[in-house]
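Computation of the quantities below employed the complete heavy-atom set of this structure, encompassing side-chain atoms and omitting hydrogens, waters and symmetry-equivalent molecules. Read the numbers this way: they start at 1 and go in the same order the structure lists the ligands and their atoms. Sequential numbering from 1 along the given sequence is applied to the chain's residues.
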Amino acid sequence: MVRLTEDNEVVSWYKEKFEAHKKLIAGVVGGIVVVALILSTTNLLSIILLLAESTDRKDLCPIHNKISPQSFQFDNTTVFDILNGESFRLQSVQKLSGAVQVDTQIGDNQPDVEDAPELWAKFKDFHKYLEETFPVIYANLKVEYVNTYGLVYTWKGSNKALKPLLLTAHQDVVPVQKDTIKDWTYPPFEGHYDGKFIYGRGSSDCKNVLIAILETIELLINKGVEPHRTVIAAFGFDEEASGIRGAYNIGQFLEKKLGKDSIYAILDEGPGLMPDPLSGLIIAAPATGEKGYIDIVAELTTPGGHSSIPPDHTSIGIMGELAYIIEKDQYSPLLTTKNPVLNYLQCLAVNSNALSTLAKKAILRAGFDKFANSKVVKQLSQNPLSKYLIKTSQAIDIIEGGEKANALPENVKLVVNHRVAVETPLKDIREHFTNRVIEVAKRHDLGVVSFGKTVLNGTSGHFELREQQGLETAPVSPANDTVWKYIAGTTRHVFEDLVFTNKTEPIIVSPVLMPANTDTRHYWDLTRNIYRYSPFFSPDDISESHIHSVDEKVRVDGHLQLIAFFYEYIQNVDTAFADN
Ligand SMILES: *[C@@H]1O[C@H](CO)[C@@H](O)[C@H](O)[C@H]1NC(C)=O
Ligand SMILES: *[C@@H]1O[C@H](CO)[C@@H](O)[C@H](O)[C@H]1NC(C)=O
Ligand SMILES: *[C@@H]1O[C@H](CO)[C@@H](O)[C@H](O)[C@H]1NC(C)=O
Ligand SMILES: *[C@@H]1O[C@H](CO)[C@@H](O)[C@H](O)[C@H]1NC(C)=O
Ligand SMILES: [Zn+2]
């Protein structure tokens, strides 16, 4: 997972997500009862409708049928061997551990490949490792190099009418901070296996996914499988620095070769399965959306001069005024059917006994009933962690200006970071920001140049607004079509029949929203069906994986579950029945 800013405020999103999830549910459970009891007569009809709502709305979160490959009916030993076989486990440990041992750290502001070949040469070592470790892949698949270090493997299917499946991961890892090396239980590039976990940078973000994909394809080839549907595996090499050299070029390459909307589905790194803290249900959570992102820079230039004869408001004072009105005017929360968070809450409402009946009813009506929606929104908004799942955040993160105690500041800069709600295009954020700047500028006779365009003239100086880094909200992937059913059905088969053989309730497969971005930002044109999903079960706190941090590690059981999932999924979708 990529961090979203240049500085060090990286929160491992796993942790963020898990915490948000716990608080989300707790928040909803706690309050709706109280809120709805303070009945106002004007809402009487809405309240009656709310109370009359059925909680039996399985249609809002259908449990799809399990799907297993045909080959499973004849011989189920392979998949059991993946999950439980001692020698398979050891071989798998060796492959992943070896991958962790090849250092592929990358920094934020690295020059391009051609400008500093020596900085990137470590990826050559990684390629050499893959070639030695997966000889069957290299003998049977077409391997292409994009921008030198991007890897694209094509396992050609016999049926051209079937769109290829694209499985993705990244080769690079975030750097280990030098002063933390002493805190690691095992050195970060040793790939130590303690019988349960493999430790090391990249072990869970996300060489585990990359190696699982290659292990799976190699196993399928060894079993004599010849696909009908082409399978492509693509691995960028700078995901942790926005993917602009790796995934970006891979996306262009694939689009040129195959066309827009040419891919069946993309599975990239993402959440997996976790226990619901309140009900104990196991929830599988493919992320179908990502919030948008934009940093807006506001720069104010005013005439300088001696501070013995200052104007009433210096540029620092005016910038302070802008900062004040920005913070006073927070974005409003909104929860529409477009947001996977609503879908997720509905899955809990339909399946979990941990929510109060009233809370369930409000959630089930929230997609179409204003009153019910306002209750759920209010509840989510009261919690600092859940509130940003349903609204745009704004944080004033940088202010710079002033040189000398006796000189007027000529130039002041403010940077505001936004994480944008799934319903909101970036242009709305730019427009909203511009209007607040105009409000201040008018009071001080200042001009405003907003994203290259003069929108206000003034004589006392001017504001200039720029976008530093922007990414639209990802298109939300479907969670109601056949592609989704195959993901859900495969998940249920693998985890209900093979992993948790003693479970009585079904596993709930629900879409979620990711607070961070992955390489898939560069693949939007290839398909609508993009899922950030690494299906393996984390029994304890999900933050056990420590991604981006000291003692990053991966549960080997989880790694094997990932292989079992890919093993069945690739076979399950190898037919036109899996098409939309
Ligand atoms: C696996 O196959 C064996 C032998 O055919 C059968 O007894 C067993 O029930 C199968 N297991 C599952 C989970 O289908
Ligand atoms: C600003 O002034 C310029 C030059 O006088 C003029 O062409 C332009 O239309 C003005 N823009 C606005 C937004 O008033
Ligand atoms: C899935 O949901 C979308 C958005 O709500 C809707 O437009 C579409 O018709 C649905 N598709 C199916 C197959 O139900
Ligand atoms: C069910 O299976 C899991 C994993 O195999 C195990 O950890 C758990 O203790 C079992 N639960 C029961 C009630 O047997
Ligand atoms: Zn990652």
Chemist: If you check every N/O/S atom of Glu269, which is the one nearest the Zn ion (ligand 5)?
Modeler: OE1

Chemist: Mind checking whether the Zn ion (ligand 5) has an N, O or S of Glu240 under 2.8 Å?
Modeler: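 False for Glu240.
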
Chemist: Go through His432 and Asp329 one step at a time and tell me if the side-chain hydrogen bond (donor to acceptor under 3.5 Å, both in side chains) criterion holds.
Modeler: CA-CA 10 Å; His432 187 68; Asp329 174 24; 3.3 Å; yes

Chemist: State whether any protein heavy atom lies less than 4.0 Å from atom 9 (O) of ligand 1.
Modeler: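 It does not: no protein heavy atom is found less than 4.0 Å away from atom 9 (O) of ligand 1.
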
Chemist: Would a distance-only check, ignoring hydrogens and angles, find a side-chain to backbone donor-acceptor pair under 3.5 Å from His522 to Ser242?
Modeler: yes

Chemist: Are any side-chain N or O atoms of Asn147 and backbone N or O atoms of Asn249, one a donor and one an acceptor, separated by less than 3.5 Å?
Modeler: no

Chemist: Can you name the N, O or S atom of Asp205 that is closest to the Zn ion (ligand 5)?
Modeler: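 Restricting Asp205 to its N, O and S atoms, the minimum distance to the Zn ion (ligand 5) goes to OD1.
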
Chemist: For Phe235 and Tyr153, I'd like to know if the aromatic rings sit close, meaning centre-to-centre distance below 6.0 Å.
Modeler: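 Close enough - the centres of the two rings lie under 6.0 Å apart.
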
Chemist: Under 4.0 Å from atom 14 (O) of ligand 1, do we find at least one protein heavy atom?
Modeler: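 Protein heavy atom within 4.0 Å of atom 14 (O) of ligand 1: present.
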
Chemist: Considering Asp497, Val79, Thr501, Asn76, which one's heavy-atom position lies nearest to atom 11 (N) of ligand 1?
Modeler: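 Considering heavy atoms of Asp497, Val79, Thr501, Asn76, the nearest to atom 11 (N) of ligand 1 sits in Asn76.
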
Chemist: Could you tell me whether any N, O or S atom belonging to Cys206 is less than 2.8 Å from the Zn ion (ligand 5)?
Modeler: no

Chemist: Looking at His127, Glu239, Lys122, which hits side-chain hydrogen bond (donor to acceptor under 3.5 Å, both in side chains) with Gln171?
Modeler: His127

Chemist: Classify the side-chain pair Gln94/Thr133 by whether it contains a donor and acceptor separated by less than 3.5 Å.
Modeler: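 No, Thr133 and Gln94 have no side-chain donor paired with an acceptor closer than 3.5 Å.
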
Chemist: Is it the case that the ring center of Tyr533 lies less than 6.0 angstrom away from the ring center of Phe565?
Modeler: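 Phe565 vs Tyr533: aromatic centres under 6.0 Å.
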
Chemist: For atom 4 (C) of ligand 1, state whether the nearest protein heavy atom is under 4.0 Å away.
Modeler: no

Chemist: Below 4.0 angstrom from a heavy atom of Val455, which ligand 2 atoms are there? Numbered from 1 as shown, please.
Modeler: 13 (C)

Chemist: Distance to 0.1 Å, residue and atom name: give those for the protein heavy atom nearest to atom 6 (C) of ligand 2.
Modeler: Asn457 ND2, 4.1 Å

